[in-house]
Chemist: 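Here it is, the structure in full.
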Amino acid sequence: MENEQVKNPNLRAHHDYRRKKSAKEMQVQVITFALMIFLTIVAFIAVGIGDFSVKFIIPFILLLAVIQVGFQLYYFMHASQKGHELPMFFMYSAVIIAFVTVLAFVTIIWW
Amino acid sequence: MNAEERYTPLNWPDHPETQTLEGKNKFLGFWLFLAGETVLFASLFATYLALKDSVPDSSHPLAKDLFNLPLVFAMTMILLTSSITSVYAIYHMRNYHFKKMQAWFVITVLLGAGFLALEIYEFTHYVHEYHFTFGSSAFSSAYYTLVGTHGAHVTFGLCWIIALLVRNAKRGLNLYNAPKYYVASLYWHFIDVVWVFIFTVVYLIGKVG
């Protein structure tokens, strides 16, 4: 695919197009970063206030963490780009094992 | 394709990290490694959750007595910021800006070192103020193993990025070292992913009880 680009007589135009495209992508990354900072601040404030019931706050901050990790994987680690099918298969398999392990340790195992 | 061939910004490929077979293998193998790391950290999280606040008697501190949220907040902000700086490094790598990529990786390393310094301060504070050592309770062992394993990953990540920068300082960018930088940045983001769960599950949930 890249060899075609090298032979492309209109290399400069392609280069300019790519620069613009990656600058756009970088803008999305910065917005993602701002959202992650926002979610973190919300989680710390929610716990810092201390007025919410435990039954509400634990699922709430866990949800914020999951959203944040999604941003991290799909934007910062570029998993939303092409060619990440197999990596995401690995990661989701790991997430299933992780979930079952944690679930087992907090429910059916006791000390 | 010769991996050490000189490129210009014009013919530098869109995704230099996966242009060579070696790069493709590094990329895929590294994601497989990260999946394994996910399972490793899951077992440490599970152990921590099972043993949280398991102390021999009431003279030992519990999670809610111990943790200091402003410090954890500062650590979180530093590590999150180091994540976006390594995104910038890869952005410049894909644009064939070697100097800018180096600069952003240096900033990432400095932020990572700042995070590590705060973590060391935190651990020594617990040991001196609360006599909360690795062996004092099941809770403390589980806590130090989980957070300490993350800290060890940060240390390794710092050494890795520094070694990459020093080793390739005069080489410029080529298809041989582009996958190395890319994979190191993936590792750095993974450290951040684990920290998101640590600050939520250990510190914030520790504070609510």
Side-chain angles (χ1 to χ4, degrees), chain A residues 1-3 5-6 11-12 14-15 18-19 22-23 25-26 29-30 32-33 36-37 40-41 43-44 46-48 50 52 54 57-58 61-62 64-65 68-69 72-73 75-78 81 83-84 86-88 90-95 97-106 109-111, chain B residues 1 9-16 18-19 24 27-28 30-32 34-39 41-43 45-51 54 69-70 72-73 76-77 80-81 83-84 86-88 90-91 94-95 138 182 185-186 189-190 192-193 196-197 199-201 203-205 207-209:
Chain A
M1 180 181 96
E2 304 318 317
N3 287 331
Q5 283 169 19
V6 176
L11 215 52
R12 169 62 63 182
H14 180 77
H15 167 262
R18 257 176 46 202
R19 280 292 157 93
S22 57
E25 273 170 23
M26 201 54 227
Q29 304 279 32
V30 173
T32 309
F33 174 67
M36 285 163 61
I37 294 285
T40 307
I41 292 173
F44 273 88
V47 171
F52 302 104
V54 176
I57 199 123
I58 291 178
I61 58 177
L62 282 176
L64 294 184
Q68 208 182 127
V69 164
Q72 200 59 252
L73 277 176
Y75 292 98
F76 283 12
M77 296 168 91
H78 311 290
Q81 296 179 356
H84 283 79
L86 212 46
M88 285 303 107
F90 296 153
M91 288 310 278
Y92 279 103
S93 312
V95 165
I97 296 171
F99 180 74
V100 173
T101 309
V102 172
L103 188 70
F105 272 60
V106 297
I109 294 177
W110 63 93
W111 273 277
Chain B
M1 195 184 301
L10 279 180
N11 63 7
W12 182 241
D14 285 12
H15 292 280
T18 47
Q19 285 307 302
K24 283 189 181 93
F27 170 80
L28 196 61
F30 198 77
W31 274 104
L32 185 57
L34 288 184
E37 289 268 277
T38 306
V39 175
F41 275 102
S43 70
F45 271 106
T47 312
Y48 170 80
L49 285 169
L51 295 173
S54 302
L69 287 190
V72 177
F73 184 72
T76 307
M77 286 300 145
L80 275 181
T81 309
S83 207
I84 186 85
S86 73
V87 172
Y88 268 106
I90 293 305
Y91 166 68
R94 284 181 169 173
N95 279 349
Y182 187 83
S185 95
L186 281 185
H189 292 307
F190 181 76
D192 213 71
V193 164
V196 168
F197 281 111
F199 88 68
T200 305
V201 172
Y203 294 101
L204 291 181
I205 294 182
K207 266 295 178 200
V208 275

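Quick note on labels: first sequence line is chain A, next is B, and so on, each numbered from 1.
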Chemist: Can you tell me which portion of A/Ile97 sits under 4.5 Å from chain B's heavy atoms? Options are side chain, backbone, both or neither.
Modeler: side chain
Chemist: Give the member of A/Gly50, A/Ala98, A/Ser22, A/Gly48 that has the highest number of heavy-atom pairs under 4.5 Å with chain B.
Modeler: A/Ser22
Chemist: May I ask you to test the B/Trp31-A/Leu86 pair for a side-chain heavy-atom distance under 4.5 Å?
Modeler: no
Chemist: To the closest 0.5 Å, what do you measure between CG (B/Leu10) and NE2 (A/His15)?
Modeler: 5.5 Å
Chemist: For B/Ala42 versus A/Thr101, what's the shortest heavy-atom pair and its separation?
Modeler: O-CG2, 4.4 Å
Chemist: In terms of ring plane angle, is the pair A/Phe76 and B/His189 parallel, tilted or perpendicular, where the classes change at 30° and 60°?
Modeler: tilted
Chemist: At a heavy-atom distance under 4.5 Å, which candidate from B/Lys207, B/Lys24, B/Arg94 has the highest pair count against chain A?
Modeler: B/Arg94
Chemist: Going from NE2 on B/His15 to NE2 on A/His78, what distance comes out if it is rounded to the nearest 0.5 angstrom?
Modeler: 9.0 Å
Chemist: Using a cut-off of under 4.5 Å for heavy-atom pairs, which of A/Met88, A/Arg19, A/Met36 has the most such pairs with chain B?
Modeler: A/Arg19
Chemist: Could you have a look at B/Thr76, B/Ile205, B/Val39 and say which one has the most heavy-atom pairs with chain A under 4.5 angstrom?
Modeler: B/Ile205
Chemist: Tell me, for A/Ala23 versus chain B, whether the close heavy atoms (under 4.5 Å) come from the side chain, the backbone, both or neither.
Modeler: both
Chemist: If you round to the nearest 0.5 Å, how far is CH2 of B/Trp12 from CZ of A/Arg18?
Modeler: 9.5 Å
Chemist: Please look at B/Tyr48 and chain A and tell me whether the side chain, the backbone, both or neither of the residue comes under 4.5 angstrom of a heavy atom of that chain.
Modeler: neither
Chemist: Select one option (side chain, backbone, both, neither) describing which atoms of A/Val30 are under 4.5 Å from chain B's heavy atoms.
Modeler: both
Chemist: Pick one of side chain, backbone, both or neither for A/Ile61, based on which atoms fall under 4.5 Å of a heavy atom in chain B.
Modeler: both
Chemist: With chain A as the partner, which of B/Thr200, B/Val208, B/Val72, B/Ile84 has the greatest number of non-hydrogen pairs under 4.5 Å?
Modeler: B/Ile84
Chemist: Please classify the contact of A/Gln29 with chain B as side chain, backbone, both or neither, using a heavy-atom distance under 4.5 Å.
Modeler: both
Chemist: So what's closer than 4.5 Å to chain A heavy atoms on B/Tyr88: side chain, backbone, both or neither?
Modeler: both
Chemist: Could you check whether A/Phe105 and B/Phe45 have their ring centres less than 6.0 Å apart?
Modeler: no
Chemist: Could you have a look at B/Thr18, B/Val193, B/Leu49 and say which one has the most heavy-atom pairs with chain A under 4.5 angstrom?
Modeler: B/Val193
Chemist: What's the spacing between A/Ile37 CD1 and B/Thr81 OG1 if we round to 0.5 Å?
Modeler: 5.0 Å
Chemist: Would you compute the distance between atom OG1 of A/Thr40 and atom CG of B/Leu204 and round it to the nearest 0.5 angstrom?
Modeler: 9.5 Å
Chemist: Which one of B/Asp192, B/Leu69, B/Val87, B/Thr38 has the most heavy-atom pairs closer than 4.5 Å to chain A?
Modeler: B/Val87
Chemist: Please classify the contact of B/Tyr182 with chain A as side chain, backbone, both or neither, using a heavy-atom distance under 4.5 Å.
Modeler: side chain
Chemist: With a 4.5 angstrom heavy-atom cut-off, is it the side chain or the backbone of B/Phe73 that approaches chain A, or both, or neither?
Modeler: both
Chemist: Among A/Ile58, A/Val106, A/Val54, single out the residue with the greatest number of heavy-atom pairs under 4.5 Å to chain B.
Modeler: A/Ile58
Chemist: Could you tell me which non-hydrogen atom of A/Phe33 sits nearest to which non-hydrogen atom of B/Leu80, and how far apart they are?
Modeler: CE1-O, 3.4 Å
Chemist: How close do B/Leu28 and A/Pro87 get, heavy atom to heavy atom, and via which atoms?
Modeler: CD1-CD, 3.9 Å
Chemist: Let me know if A/Leu64 has heavy atoms under 4.5 Å from chain B in its side chain, its backbone, both or neither.
Modeler: neither
Chemist: Are A/Met77 and B/Ile90 side-chain neighbours, meaning at least one heavy-atom pair lies under 4.5 Å?
Modeler: no
Chemist: In Å, rounded to the nearest 0.5 Å, how long is the span from CG of B/Leu34 to CZ of A/Phe90?
Modeler: 11.0 Å
